[in-house]
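See structure below.
Values reported hereafter were calculated over all heavy atoms of this structure, with side chains retained and with hydrogens, waters and symmetry mates removed. In what follows, chains carry the letters A, B, and so on, assigned in the order in which the sequence lines appear, proteins first and then strands, with residues in each chain numbered from 1.
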Amino acid sequence: MKIATFNVNSIKARLNNLVHWLEEAKPDIVCLQELKCVDEAFPHEAIEALGYNVAVHGQKTYNGVAILSKFPLEDITKGLPGDDSDEQARYVEAVVSTKDAVLRVASIYLPNGNPVDTEKYPYKLGWMDRLTAHTKELLQAEEMLVLAGDYNVIRTADDCYDLKAWADDALFKIETREKFYELVNLGLTDSFRACHTEPNRYSFWDYQRGSWQKDNGILIDHLLLSPQAADRLTACDIDKAPRGREKPSDHTPVWIELDV
DNA sequence: ATGCCGGGCGAAGCCCGA
């Protein structure tokens with residue numbers, strides 16, 4: 001089973017690019033972020049025509065996440081538990097059932113947090129605390145769990161082209177990375193690092209400054225696995241093709257293969 | 001090099017992303 005995460009930076013602007021990639025990569029499950037549309041505006045017809053069931057948690061203009069699945073989706077949770085006043089659509093979770101397996105999947109759009117001297121940074125850190133608390137609950141079920149998305153976290157210096165450019169950024173600040181390690185240290189497996197040791201593999205390149213052409217990227221899209229899912233992990237990689245095409249997102253998909 | 005793209009909103013510039 002192939003599971004991917006892709007921050008599309010507007011599902012409306014990215015529909016052709018996304019459909020092209022779905023047809024060629026044929027993922028079974030896809031976690032999307034930054035839809036930038038309300039539920040009613042999601043292009044259900046185009047996606048369902050490719051054989052996907054859809055769970056959407058949208059929002060006007062900003063954020064918005066979805067899960068696409070070739071298998072049925074059940075028990076859909078919209079929004080990250082832990083703060084009823086949080087209106088940002090950054091989390092959707094669902095149970096995927098195949099004929100001989102059940103796994104829980106979440107699509108995550110973790111807050112960016114910049115500028116760090118505004119309320120945006122504590123919101124990010126608080127959101128990460130809520131994600132850790134919720135994950136702790138989910139892990140008690142001892143089931144296959146995949147937490148996939150745009151974490152807006154550069155885990156180590158290996159994951160960025162120029163540390164100087166990011167040292168004090170909300171994506172790399174030590175407080176951010178500590179929260180990320182706290183989450184992973186619940187017992188999750190970081191898929192990409194479980195399969196690769198080489199540095200300078202990226203999932204995001206800024207639209208500006210010729211970042212794509214110069215390969216000035218960062219790796220911030222991650223798939224974290226419960227032990228039960230990690231036991232089935234056979235591959236993880238980054239698919240750079242969509243980033244090089246017409247009207248690309250600034251992110252490109254990262255995918256895993258699970259022996260399920 | 002904290003705004004050089006690109007998207008949304010809405011009809012022009014401004015907010016936002018990472």
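If you measure from atom CG of A:N9 to atom C1' of B:dC16, you get 10 Å, rounded to the nearest angstrom. Going from atom CH2 of A:W166 over to atom C1' of B:dT2 covers 11 Å, rounded to whole Å. A:K214 places its NZ atom 10 Å from the C1' atom of B:dA1, with the value rounded to the nearest Å.
B:dC9 and B:dC4 have their C1' atoms separated by 23 Å, given to the nearest Å. Distance noted for atom P between B:dA12 and B:dA1: 35 Å (whole Å). B:dG3 and B:dC14 are spaced 13 Å apart, taking the C1' atom of each and rounding to whole Å. Taking atom C1' in both B:dG10 and B:dC15, the straight-line distance is 13 Å, to the nearest Å.
Nearest nucleotide to the side chain of A:R90, out of B:dG3, B:dC9, B:dG17: B:dG17. With B:dC5, B:dG8, B:dC4 as the choices, the nucleotide that has an atom nearest any side-chain atom of A:K36 turns out to be B:dG8. Checked against B:dG17, B:dG7, B:dC4, the side chain of A:K120 finds its nearest nucleotide in B:dG17. Side-chain proximity of A:K60 to the nucleotides B:dC4, B:dC9, B:dC15 is greatest for B:dC9.
Remark: A:R14 is in phosphate contact with B:dG7, judged by side-chain N or O atoms under 4.0 Å from OP1 or OP2. Between A:K247 and B:dG7, a side-chain N or O to OP1/OP2 separation shorter than 4.0 Å is present.
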Could you check A:Y151 against A:F180 for ring-ring contact (aromatic ring centres under 6.0 Å, His included), going step by step and ending with a plain yes or no? CA-CA 9 Å; A:Y151 281 77; A:F180 184 78; 5.7 Å; yes

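Here the side chains of A:I67 and A:L73 are in contact, with some heavy-atom distance below 4.5 Å.
Side-chain contact annotation: A:D28 with A:Y52, donor-acceptor N/O pair under 3.5 Å absent.
Between A:K179 and A:D129, at least one side-chain nitrogen of the basic residue sits less than 4.0 Å from a carboxylate oxygen of the acidic one, meeting the salt-bridge criterion.
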